[in-house]
Amino acid sequence: MSLVDQHGRKIRKLRLSLTDKCNLRCHYCMPVDQLFMNEEKYLSADEYVEIIRELQGLGLEEVRLTGGEPLMRKSFSEIADKLGALNLKKLSLTSNGIYLDKYFDVLSRNRIFHLNISLDSLNEENFKKITYGNYLNRVVKNILCAHEQGFIVKVNVVMMKGVNDHELMDFVQFSQDTGIEVRFLELMRIGFACGPQNDQFISAKELLDQIKTKYSLKPVTVASDSTSFNFVTEQGAQLGFIASESQAFCGQCSRWRLSSDGILRACLLKDDGLSVKNTNELERQDLYQSLLGMKPLLRPKEVAHAMNAIGG
Ligand code: SAM
Ligand code: SF4
């Protein structure tokens, strides 16, 4: 058995959610009074290792640690050390960056060099308005520090009309000044961002058109299963666009997701998944086979479940 579905899509990547908890409340991700799952439901470090080692044997190459906020998982270091020992082709992290400085040594020793850090505003007041947290300076300091130390940092910005789209050029300038890639994400209709926030949607094309009024852009080649398309400006800003709503990439998708309570999903936008909790290896082999048939080819329009619980 190998992890290739009936449409020839090879599952090479796993997004692994370590917790649904977060120390921010980004308004598109969760409400201020969000309730979180009981920690007793979490998969343990050893359970992660068991599952990922099996998937590795079937062709899995890359694991990205995410959440919620993965650096809030109390056993983060233990999990990173155990997964680091699996020698995956790539082990990476998506984080809001608040606790990044506490974990530089753990990340380096496990070769977790690729860091995607969320930063939706460069303005203190706006950062607070979007995230309900007063951490802008800390996050920017940690991003710059990680970059200086040689980590490969990408900044993720969810662009929203009337919320932070007026900062578009500031982010281009940020990339130009720092040499750090900035990726603009379209607001997805998932969980809390469905419905009332639909009017904040702005497409990657609209952003590109605005940027082109000031900069000339040269396309950059990316992997065929990359979620982003990329450009570099003449001045050296590196820009990526993740157009998951307007230009879905389901045909090339190579990802599965494992939630912190052990639900394996074939797609971020599919509610149904299969639980690996309390299963043995034989049962899991059947489960992996079934999951291969559960990956949609056409993009589901929206989904009610919360991004932080699935692993964004
Ligand atoms: N807490 C970490 C962080 O913020 O980077 C990791 C988890 S977070 C769910 C992963 C990414 O998903 C972040 O870049 C976040 O901005 C993005 N995200 C969350 N909800 C989204 C939505 N409705 N549309 C687009 N991106 C979203
Ligand atoms: Fe937390 Fe990330 Fe969701 Fe923001 S996007 S609330 S940082 S999990």
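Start at 1 and go down the list; that is how both ligands and their atoms are numbered.
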Requested in this report: State which residue, out of R284, Q285, E50, fulfils the side-chain hydrogen bond (donor to acceptor under 3.5 Å, both in side chains) condition with T279.
Outcome: R284
Report summary line: One finds that the ligand 2 atoms under 4.0 Å from a non-hydrogen atom of C22 are 1 (Fe), 6 (S), 7 (S), 8 (S)
Report summary line: The atoms of ligand 1 lying under 4.0 Å from a heavy atom of N96, numbered in the order shown, are 2 (C), 3 (C), 5 (O)
**Report entry** Connected hydrophobic set around V232, excluding itself, where side chains approach under 4.5 Å
**Finding:** V220
Query raised in the report: Under 3.5 Å, N or O to N or O, is Y28 touching ligand 1 that way?
Result: yes
Query raised in the report: Taking the six-membered ring for Trp, are F231 and F241 parallel (under 30°), tilted (30 to 60°) or perpendicular (over 60°)?
Result: perpendicular
Query raised in the report: Do the charged groups of R109 and D81 touch, with an N to O distance under 4.0 Å?
Result: yes
Query raised in the report: From C29, does some N, O or S atom reach closer than 2.8 Å to atom 1 (Fe) of ligand 2?
Result: no
Query - Identity of the nearest option to atom 1 (N) of ligand 1, non-hydrogen atoms only, from G97, G68, G67, S95 - result: G68
Query raised in the report: Do the charged groups of K277 and E47 touch, with an N to O distance under 4.0 Å?
Result: yes
Requested in this report: Show which atoms of ligand 1 fall inside a sub-4.0 Å distance from at least one heavy-atom site of N156.
Outcome: 14 (O)
Requested in this report: Could you list the atoms of ligand 2 found under 4.0 angstrom from a heavy atom of N96?
Outcome: 7 (S)
**Report entry** Distance-only N or O hit between ligand 1 and C22, under 3.5 Å
**Finding:** no
Query raised in the report: Any idea which atoms of ligand 2 are less than 4.0 Å away from a heavy-atom of G68?
Result: 8 (S)
Query - Residue E186 vicinity, atoms of ligand 1 by number, heavy atom under 4.0 Å - result: 24 (N), 25 (C)
Query raised in the report: Is the shortest N/O to N/O distance between S118 and ligand 1 below 3.5 Å?
Result: yes
Query raised in the report: Is the closest N or O pair between E69 and ligand 1 shorter than 3.5 Å?
Result: yes
Query raised in the report: Is a side-chain donor or acceptor of K295 paired with a backbone partner of R255 at a separation under 3.5 angstrom?
Result: yes
Query raised in the report: Quick one: do E61 and K10 make a salt bridge, cutoff under 4.0 Å?
Result: yes
Query raised in the report: Relative to ligand 1, is T66 under 4.0 angstrom through side chain, backbone, both or neither, heavy atoms considered?
Result: side chain
Requested in this report: Return the minimal non-hydrogen interatomic distance between D165 and M159, and the atom names on each side.
Outcome: CA-SD, 3.6 Å
**Report entry** Atom indices of ligand 2, in the order listed, that fall short of 4.0 Å to a heavy atom of C26
**Finding:** 4 (Fe), 5 (S), 6 (S), 7 (S)
Report task. Find the distance between CD (E125) and CG (L136) and round it off to the nearest 0.5 Å. Result -> 10.5 Å
